[in-house]
Amino acid sequence: WRPKPLPNLQTPAFLLLALLSACASIKPPDGGEPDRQPPHLLRIKARFVRGSWKITLRWNEYLSPASSLTPPGLWTNPSLPFRAKIAGKKVRMRIDSAQKDRPLFLWGGPGIKDFTEGNSLPPTLLLHTGDSLCTRDTLSFPALSNKSNALIWAEFRKESIIFRFLVWENKVCPLGLPLGAYHAWFWQDEDQNNRWDISETVGLLETTYVHPPDTILSSEWSVWKADTFPPKVPLPSLCGVGEGVFFFSEPIFLRGYKGQVEPLGESGIRMTEGSIAEIADSAGNSIRYEFHVAETDTRAYRPRLLWVEEVNARTPVLYLRATEPLMEARDTFWIAKVQDTSGGALLCIQGDEAWLSPLGFSSKVAVQLRTLRGETLSITIPTSKFLLRLPRDSGVVVWRVYTASGYPLVVEAGDSVWLPPGTYPALGLSAREAFWQPIRIQEGVPYRQGAQIVSYRTFTVAPHKSEADANKP
């Protein structure tokens, strides 16, 4: 060990170090109320040089180095490439590919934060070139479930012109949007990458947006979750030699088949070795599947008892279907008990089908039936159904009534269906379509297509309601 000499306090290096350490550091002041105000733009300096805008933004406080200098921090309308960097209380920008004689709108948003408390800037128009903002009309948007606090972007497209606005408190003021007709849509940016991905919620207008509008209400937007994937084929259960049973996680339809293929309710099929089926979901997304036992992982087979939506909607009787033949009942009636009340009604079993007369209770009950092999099958079913007449709303050709399983019952306007007590959302469409895919995607942008939504209702089916009451939205 040996002593280390102390520094010479008169050296230039030490004096410089002391001077730097004495400089004010950026930190919240001691005491007083915390800073809850977002950064405020004091002044802006902009000049156009050889096809580019060079802009300096001066703020009232230091900005966080973690601020986003791309959307949702800074963006332009129309959309143009730019570069930006933070320097203390300033942001310096260069916007390329600009034209001096065309209006330019520079926006700031919640990606810009102050240094001390991280307060976010609300959507703010920072700069516009040109004489007029065109409009100050406010457009309303529907309130979305937003557990992740994801931002919502609204976009207006006309040919190659793209204007983007941040939806704030379910509203947008489309400042600077030129007059004309636009494809208008919005999306919930759940993954925060500033572009729409297929898994994110999207909203569309039923018609072309014409700017400026008389008024746009939140109810004029339709909100969608895209379904562009075909049904996923599950592992089959082998119910016999070279015969498999498949149950899907969503309602399916057979578009076509070759060999021996049999539907089982709204989500199941039975296939034999070598059979080919084209299986579609309710939107028309389909997959071609060929069944070969030797090439397929399987699961243990268990017979099932099914409530078939399509058949039950056409009759007041309760209809069940089993995946294998049922044992005929010794008695010709079935009995159920709800709390202190018991009831009995007629029962008919034929092959793999069971027909039960309704009991009239308002709640569901468990039913057990036995197969020819002696296995007990159980299912919980409603004990009654009621007639719902679908109204003839103006322009509605067909209704799609969605059951609890997600299966869409397609019913002509003015016709009736039998439904258990419950609440059923329904879409009134302008045309009948075997499969209804309301959205097409072109170059990463969603567009409405197919039959238009003329009416949206929620029908309530309950005991002792008149037909008129059941039709109330």
(Q) For a quick test of reading the model, state the closest non-hydrogen atom pair linking F459 to A426 and the distance between them. (A) CE1-CB, 3.4 Å
Q: Take F186 and F141 through the test ring-ring contact (aromatic ring centres under 6.0 Å, His included) and record every step on the way to the result.
A: CA-CA 9 Å; F186 69 86; F141 291 76; 5.4 Å; yes
Q: Report, as yes or no, whether the 6.0 Å neighbourhood of atom CZ on F248 holds more than 12 heavy atoms from other residues, nucleotides or ligands.
A: yes
Q) Of all residues at least two apart in sequence or in a different chain, which pass the ring-ring contact (aromatic ring centres under 6.0 Å, His included) check with Y447? A) H183
Q) With a 4.5 Å limit on heavy-atom distance, are the side chains of I162 and P78 in contact? A) no
**Q.** Any side-chain heavy-atom pair of Y182 and T208 under 4.5 Å
**A.** no
Q) Any ion pair linking E375 and R370 (charged N to carboxylate O, less than 4.0 Å)? A) no
Q | R83 vs I95 side-chain heavy atoms within contact, under 4.5 Å | A | no
Q: With W107 as reference, evaluate L74, N77, L166, L126 under the side-chain contact (heavy atoms from CB on, under 4.5 Å) test and give the passing residue.
A: N77
Q: Under the ring-ring contact (aromatic ring centres under 6.0 Å, His included) rule, collect the residues that match up with F291, sequence neighbours excluded.
A: F246
Q | Side-chain ion pair, R195 and E190, N-O less than 4.0 Å | A | no
Q.
Is it the case that atom CD in E290 sees more than 12 heavy atoms from other parts of the structure closer than 6.0 Å?
A. yes
**Q.** Mutual orientation of the aromatic rings belonging to F105 and H128 [parallel < 30°, tilted 30-60°, perpendicular > 60°]
**A.** parallel
Q. Can R389 and D415 be counted as an ion pair, charged N to O under 4.0 angstrom?
A. no
